[in-house]
Amino acid sequence: MTVLTLQNLTYSYNDGASQRYILNDVSFNFEAGKFYAIKGPSGSGKTTMLSLMGALDKPRGGAVLFKGKSIDNVGYEKYRRNHVGIVFQSYNLIPWMTAIENLMVAMSVTDNDIPKDQKNVATNLLNYLGIDQSKIERRVKSLSGGEQQRVAIARALATNVDLILADEPTGNLDEETSEEIIQIFKRLAHEHGKCVVVVTHADEVALEADEGLVLSKGVLRRREMPVQAAVPPVESQPIAQVQPPTLEQDDPNDVSVEHTDVPIKF
Amino acid sequence: MGAVKRIFLSILRRPGKTIILMLVTIIIGSLIAGALLVQQGVSRAESLAKNSLGAAVSVGVDYEEYDKAINAASDEEFPEIGVISVETIETLGTRPEVKNYDYSLDAYASSATLKYYEASTEEQALDEQDSIAIDESNSFTLRGIHYESMLAIEQGALALNDGRTFSKDEISQGSEVAMVSDKFAQLNNLHVGDTIALKNEIIDYSVSDTSFDFEDSEDGLTEEDTEESTDDGLKVIASQDVNLKIIGLFSVTNKGIETTSSDSATNATTMMINGSMFDSEAFNVIYTPISVAKRELDFMTEGYAQLYEEEEIGDYYNNVPIYLLNSADDLASFTEAAKSVLPQFYTVLSAQSSYDQIAAPMNTINQIMTISLIAVIIAGLIIVSLVIVLFLRERRYELGIYFALGERKSVIAGQVIAEVVLIALVALTISIFTGSLLSGALSSFMLDAQMNAQVSSDPYGMAYDNNVYGEQALFIGNIEADEVMSYYSLGLSPQYILMLFGVGLGTVLLSCIVPMIYLLRLNPKQVLM
């Protein structure tokens with residue numbers, strides 16, 4: 001199912017006398033249950049594209065459609081609140097709040113149905129993403145980069161959205177942690193049916209993606225996929241569901257992250 | 001976690017920022033509180049002082065205006081002061097602001113047998129009696145009044161002790177009846193029903209060659225000189241008997257004494273004017289129907305006109321009206337109405353005009369406080385705005401996150417404003433007390449400075465004299481600077497606290513405008529990506 005559609009998306013700015021195009025008539029469909037990686041050289045407009053997809057900016061031309069409906073019609077604020085979760089390179093957590101409080105802020109903002117025991121849901125989510133109990137009640141600024149990014153991903157998931165956008169999510173992390181984060185994204189797509197779009201310049205992320213895209217000179221192209229990456233999408237499972245998925249059903253190619261060998265509750 | 005919980009967490013989890021904003025607000029709040037408290041003290045003193053003066057007014061010559069006109073006029077043509085007609089007085093008396101009114105006329109009569117009561121002290125009175133005995137003849141004021149019940153009694157400056165006040169018929173027919181003070185009656189062994197005999201004499205002072213020639217003697221006027229000149233010099237040209245039947249006795253109340261005298265023991269000039277003249281005068285005035293006084297005044301006017309061979313004497317007497325207004329607040333509209341009716345150089349005299357003369361230090365303090373208040377508010381607006389903007393800049397990631405999470409802009413703005421307001425509420429509560437400490441120091445400093453300024457600009461206290469005389473003095477007291485100052489007090493009233501919170505919160509809320517513009521223009525993409 002198509003979650004997000006880019007329809008003749010154009011973004012440009014005036015560079016002196018000439019018009020400089022960051023995105024030039026870009027069209028693409030992003031499907032549920034898939035993990036996309038958009039690669040491209042610095043300044044190619046990857047971040048701009050992601051910000052348009054996340055309704056943090058407005059395109060100069062074309063439209064972004066969420067499940068077939070223009071996000072202009074949905075309303076940018078409402079779209080961000082209810083339909084998309086964004087993960088940033090620099091985590092962007094509220095530093096004076098604890099990990100769980102950061103999640104609960106997001107939960108308080110969305111109009112989506114969140115189970116009543118928000119604290120439990122948030123705890124399970126954090127546990128699932130590898131934040132153990134002792135760190136849940138700690139202020140996020142005392143957590144490591146990898147831990148903070150896990151909290152940020154948990155926050156993106158906390159509002160029970162179908163679309164996860166990530167801007168260089170592993171950019172500030174070491175190789176091992178990066179790999180763990182990538183696996184989380186993969187699982188979100190494959191096990192929970194999320195549409196995950198990651199913008200990156202790192203090859204190892206792009207190699208793990210179901211579909212690799214390259215943005216260059218304002219044009220988005222598919223790139224030849226490595227053989228191992230072709231994974232069939234699984235049935236969508238709501239993330240806030242009380243009964244968690246068990247890891248035994250996972251794709252054998254997945255690399256488990258910490259704590260995932262115990263049953264998880266959302 | 002909803003916005004409300006975020007507000008409290010934000011305040012408590014970032015204590016440094018909270019304390020800085022709070023300290024800034026406390027300083028601004030204290031300055032506002034100080035200024036408000038002093039202003040409130042001043043206005044309270046003003047209203048207490050004015051209330052103590054009552055709502056009686058009169059009309060009289062505005063000598064300042066007259067002096068100006070003289071200075072402006074050519075040497076030969078002096079401007080003339082007109083006369084207030086009885087019609088004018090009565091026209092003003094029908095104004096809606098007027099509760100009651102009267103007008104009076106002072107004439108003079110002398111007696112060789114009646115003693116003049118000295119009010120100063122009993123001892124002094126005895127001493128004075130000796131000198132009075134030598135003087136042989138005493139002069140008394142015959143105060144003719146128009147309102148039979150006597151305003152002075154109605155207003156409590158005098159109190160009826162014995163007998164009665166005048167009747168309407170006595171006033172209209174000009175019956176030869178009188179009311180005198182109990183002290184005067186006691187001193188002269190008079191009772192209701194007795195008749196007092198006075199003389200209205202025209203005296204030719206020019207006959208004596210030594211009289212009143214102060215420059216001849218280095219020691220000034222001595223008792224012997226006076227005696228000599230009295231014996232040798234004065235020649236009575238004409239005389240008319242004034243026999244008045246006493247119908248009532250009154251006592252001069254404390255109010256009457258207060259209004260006719262001044263408690264300025266520090267001021268020698270005022271003592272001289274009020275202490276020996278007005279103090280005793282109130283006890284020696286003989287009240288009569290107005291036509292009796294007018295008759296005596298006419299006799300005197302004509303007598304002296306003949307003596308000095310003046311062809312035209314003009315109306316040199318004036319009726320002195322007293323108007324009791326419904327309240328002190330009616331003064332402004334009454335004054336406005338009176339202006340169009342009164343002859344040139346006349347003005348409405350009130351205790352409030354005496355207040356206005358000495359209110360300068362209070363007004364100065366009030367003005368300084370108003371200017372300070374405005375300055376503090378403007379400075380406060382700038383400083384608090386800057387502090388909030390700086391804090392918001394530091395919080396831009398947090399704000400960007402709220403934006404990215406899809407939080408409504410109104411909620412984000414509301415959260416920031418609520419945080420500031422909560423901190424301000426605590427700060428302003430503290431300011432109630434710090435401000436009153438400040439205002440205590442401030443007002444003692446300012447009152448001292450202003451009092452000194454007042455004394456140096458008017459060393460003899462002459463500015464206090466508002467040309468009030470005769471019957472006017474019973475109603476229109478003088479008030480002095482230190483008396484007004486004595487009404488000055490600082491107190492935490494509900495109005496003050498409301499004002500402080502109103503002005504303080506208003507300032508803080510206005511200070512949020514610039515930060516809100518910053519917040520709403522914040523571009524989450526730039527901040528977060």
At a cut-off of 3.5 Å, what donor and acceptor atoms pair up between chain A and chain B?
residue	atom	partner	partner atom	Å
A/D57	OD2	B/K525	NZ	3.1
A/E77	OE2	B/K409	N	3.2
A/R80	NE	B/F403	O	2.7
A/R80	NH2	B/F403	O	3.1
A/R81	NH1	B/G406	O	2.8
A/N92	ND2	B/L528	O	3.1
A/W96	O	B/R13	NH1	2.9
A/W96	NE1	B/E398	OE1	3.2
A/E101	OE1	B/R13	NH1	2.8
A/E101	OE1	B/R13	NH2	3.4
A/E101	OE2	B/R13	NH2	2.8
A/M104	O	B/M1	N	2.5
A/S108	OG	B/M1	O	2.6

Exercise for review: Would you name the heavy atoms of B/L405 and A/V109 that are closest together and state the gap between them?
Suggested key: O-CG1, 3.4 Å
Point to revise | With A/D25 via salt bridge (charged side-chain N to carboxylate O under 4.0 Å, His left out) - residues at least two apart | key: none
Exercise for review: Evaluate whether atom CE of B/M516 has more than 12 neighbouring non-hydrogen atoms of other residues, nucleotides or ligands under 6.0 angstrom away.
Suggested key: yes
Check your understanding: Does any heavy atom of chain A fall under 4.5 Å from the side chain of B/I401, the backbone, both, or neither of them?
Key -> side chain
Check your understanding: Does A/Y21 OH have over 12 foreign heavy atoms under 6.0 Å away?
Key -> no
Study note, to complete from the structure: A/S144 meets the side chain to side chain donor-acceptor pair (under 3.5 Å) criterion, sequence neighbours left out, with A/E147
Exercise for review: Heavy-atom distances under 4.5 Å only: say whether A/L93 touches chain B with side chain, backbone, both or neither.
Suggested key: backbone
Practice item. Output every pair passing salt bridge (charged side-chain N to carboxylate O under 4.0 Å, His left out) with a member in residues 20-39 of chain B, not counting sequence neighbours, ordered by first then second residue. Key: none
